[in-house]
Structure formats: structure tokens, C-alpha cells
Amino acid sequence: MEQTQKMELQVLAARIRYDVLDMLKHRGYGHLGGSLSLVETMAVLYGKQMHIDPKHPDMEDRDMLVLSKGHAGPVWYSALAEAGYFDKEWLYTLNDGGTNLPSHPDRTKTPGVDMTTGSLGQGTSSAAGIALGQKLRKEDRYTYLIVGDGELNEGQCWEAFQFIAAHRINNCIVLIDENKRQLDGYTKDILDPFSIPDKMKAFGFHTQVVKGDDIQAIDEAIECAKSIKDQAVCIVLDTIKGQGVPYFEQMVSNHSVKFNNEKTIQAANQAMEQLQAFIAGKEQ
Ligand SMILES: Cc1ncc(C[n+]2csc(CCOP(=O)(O)OP(=O)(O)O)c2C)c(N)n1
């Protein structure tokens, strides 16, 4: 990846991270940890890899994303706003009555959202079906599927993975956000997933593991996945819940964060100032 493009994606990631903090602080609460772990991935998808046209969200040959861990809606909305699907002011309407940005994604409400999610596990089957349809029609399109590691507790994920692998649906790029935590603790304490990459390999996937905050590595892994033609593909993202903001990374329970105390609000403000300074510095 060229240096200029890498820097542009780093700036985009900073903007997305800023937006996530801004919108949740404005709302007063929300799914912060699992949104922040996906910031860099969203920047690579919406800043480079996805074939999309934000001014024409229904473009026939668009790539699609299924955010199966739908509670991370805030990071998706931020990426969509930054890509130009809708006005950034919408971000302040998160979860309001009648909003276009409900807490969990709804394909009937938000431009750029092609699949409704929120009930964990179900997005995996949706993505499998969407991608299979595209493949059968011989369309040159990709469906990206983002799954959480806690979400893998849902048996439906494994049924869908077996289906994707058995039918070699290689246009369904499976991204697993392995941030090692779920709603109420560490995944290994709640239901040990053992080695997720080994399991995906055993299921028949071409499997890569990358650091989920390394924009270049994520991009290269997606390029590699696209070059695999005879096998299902999976990228395990080695991430941190709350990624990119030490205060939230270290917060014991950072799944849904309440911005109702001075310390948390101050930490968010400080992180946002730093992100703004980073963006301004790069844009000079
Ligand atoms: C079927 C179902 N059961 C329970 C929930 C409640 N829930 C929302 S998020 C979550 C934890 C998900 O963990 P993970 O996939 O690791 O998400 P992350 O930690 O990346 O945010 C749970 C249990 C749900 N949304 N759907």
C-alpha cells in the first residue's frame, strides 16, 4: 500500500473513532468496546476495499456488508457517515424514537445497510445466502461478514460456516473480531472458544490472522482473501475491546459504556482531542 493511501486510511480511522466516541457520549451510553475494536477494519473496508457508491446506495453491483454483531452499529454508522451515505448530524440521532440509526442495524432505515442484524448468529446465515446468490448469478461482488468472538457461542455460526466452506463461497469474506471479550467477561472464561483460527481451518477455510489495528495488514489480508478462488476465506482480527483508547481498553466492563460520570466523560473528551490533533496534523 502506498504511504499516502495508508495515511489517508489512518486519518479515516481516526475520524471513525472520533465519531463513535462523539455519538455515544452524546447519547449518554452505548456499545463502545465492540465498536472501537472494528474501527481500523471499517476504515479499510469503506476507505479502500468495498466497491460502493455512497450517493447510490442501491447500486446494482455493490459489495455488501453484514455486521452480524449488530450491537456494533455505532462504528458502522460512523463509517457510513464518513463515506458520505448521509449527513454526520444523523449520528446524534442514534437510538432516538423514529431515527434512521437504531441501536442495531435495520436495512429498511439506513442507507448503506443491506442486512438487518442484532440477534447474534443470524447474520452469518444471511451473509452465506446473500453471497451464494451473488455467486450463482456469477456476479463479481463480495459480501463481507463481520462476526464477534462471543457471538461464536451461537451454534448457528458454525452451521453457516460449514455451509460457506462446503459450497466454497469464496466471495463471502468472513472477518472474526477476536477481541477476547464478550458482554459479561472474557470469552475464554464464559465458553472457551479454544483456537478460533484452528477451528476455521478445520472447517475448511483459508484462514489468516492479522492484528486488527494494523491497516496495512488488514488490507493485505483482504487482498489475499480475494485471490483465493477455490476455498472459503476467513480473516481473524486480533483486536482489543475498546481499541485505540487506553482508558476504555482497560475499563473492566466496556461492552456498553455509560457516559454518566466525570472520569468517563473526561477520558472520552481527551481521546477526542488527541484524535482531532492527529487528524489536523496529517491534513496540514
Ligand atoms: C441471540 C442473542 N443473544 C444475546 C444477545 C445479547 N448480546 C449482545 S452483544 C453480546 C455479546 C457479544 O459478544 P461479542 O460477539 O464478542 O461482541 P463484542 O465483544 O465484539 O462486542 C450479547 C450476549 C444478542 N444480541 N443476541
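All ligand and atom numbering here is 1-based and tracks the order in the structure.
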(message) Please list, in number order, the atoms of ligand 1 under 4.0 Å from a heavy atom of Gly150.
(response) 13 (O), 14 (P), 15 (O), 16 (O)
(message) Is there a path of hydrophobic side-chain contacts, each under 4.5 Å between heavy atoms, that joins Val44 and Ile240?
(response) no
(request) Using a strict cut-off of 4.0 Å, indicate which atoms of ligand 1 neighbour a heavy atom of His71. (result) 9 (S), 12 (C), 17 (O), 18 (P), 21 (O)
(message) For a quick test of reading the model, state the closest non-hydrogen atom pair linking Lys135 to Ile169 and the distance between them.
(response) CD-CA, 4.1 Å
(message) Quick test: of every protein heavy atom, which one is nearest to atom 13 (O) of ligand 1, and how far off is it to 0.1 Å?
(response) Gln182 CB, 3.3 Å
(request) Note the single closest protein heavy atom to atom 3 (N) of ligand 1, along with its residue, its atom name and the distance in Å. (result) Glu154 OE2, 4.0 Å
(request) Determine the sole option in Asp22, Thr93, Asn95 for which the side chain to side chain contact (heavy atoms under 4.5 Å, CB included) test with Arg27 is passed. (result) Asn95
(request) Fit a plane to each ring of Tyr92 and His26, take the angle between them on a 0 to 90° scale, and name the class: parallel (under 30°), tilted (30 to 60°) or perpendicular (over 60°). (result) tilted
(request) Find all atoms of ligand 1 within a distance of less than 4.0 Å from any non-hydrogen atom belonging to Asp149, and give their numbers and elements. (result) 15 (O), 16 (O)
(request) Look at atom 2 (C) of ligand 1 and say which protein heavy atom is nearest, naming residue and atom and giving the distance to 0.1 Å. (result) Leu120 N, 3.7 Å
(request) For residues Met115 and Arg107, report the shortest heavy-atom separation together with the two atoms involved. (result) N-CB, 3.8 Å
(message) Under a 4.0 angstrom heavy-atom cut-off, which atoms of ligand 1 come close to Arg181?
(response) 16 (O), 19 (O)
(request) Look at the aromatic rings of Trp158 and Phe161 and report parallel, tilted or perpendicular, splitting at 30° and 60°. (result) perpendicular
(request) May I ask you to decide if the ring planes of His255 and His71 are parallel, tilted or perpendicular, using 30° and 60° as cut-offs? (result) tilted
(message) With a 3.5 Å distance limit and no angle check, can you tell me whether Arg17 reaches the backbone of Gln243 through a side-chain donor-acceptor pair?
(response) yes
(message) Counting non-hydrogen protein atoms only, what is the nearest one to atom 25 (N) of ligand 1? Give residue, atom name and distance.
(response) Gly118 O, 2.8 Å
(request) Give the numbers and elements of all ligand 1 atoms closer than 4.0 Å to a heavy atom of Lys241. (result) 18 (P), 19 (O), 21 (O)
(request) Below 4.0 angstrom from a heavy atom of Ser119, which ligand 1 atoms are there? Numbered from 1 as shown, please. (result) 1 (C), 26 (N)
(request) Check each heavy atom of Leu183 against ligand 1 and say whether those closer than 4.0 Å belong to the side chain, the backbone, both or neither. (result) both
(request) Indicate yes or no for a side-chain donor-acceptor contact from Asn170 to the backbone of Ile228 under 3.5 Å, with no hydrogens or angles considered. (result) yes
(request) Can you pull out the closest protein heavy atom to atom 15 (O) of ligand 1? Residue, atom name and distance to 0.1 Å, please. (result) Glu151 N, 2.8 Å
(request) Please could you name the atoms of ligand 1 that Lys69 approaches to less than 4.0 Å, counting only its heavy atoms? (result) 18 (P), 20 (O), 21 (O)
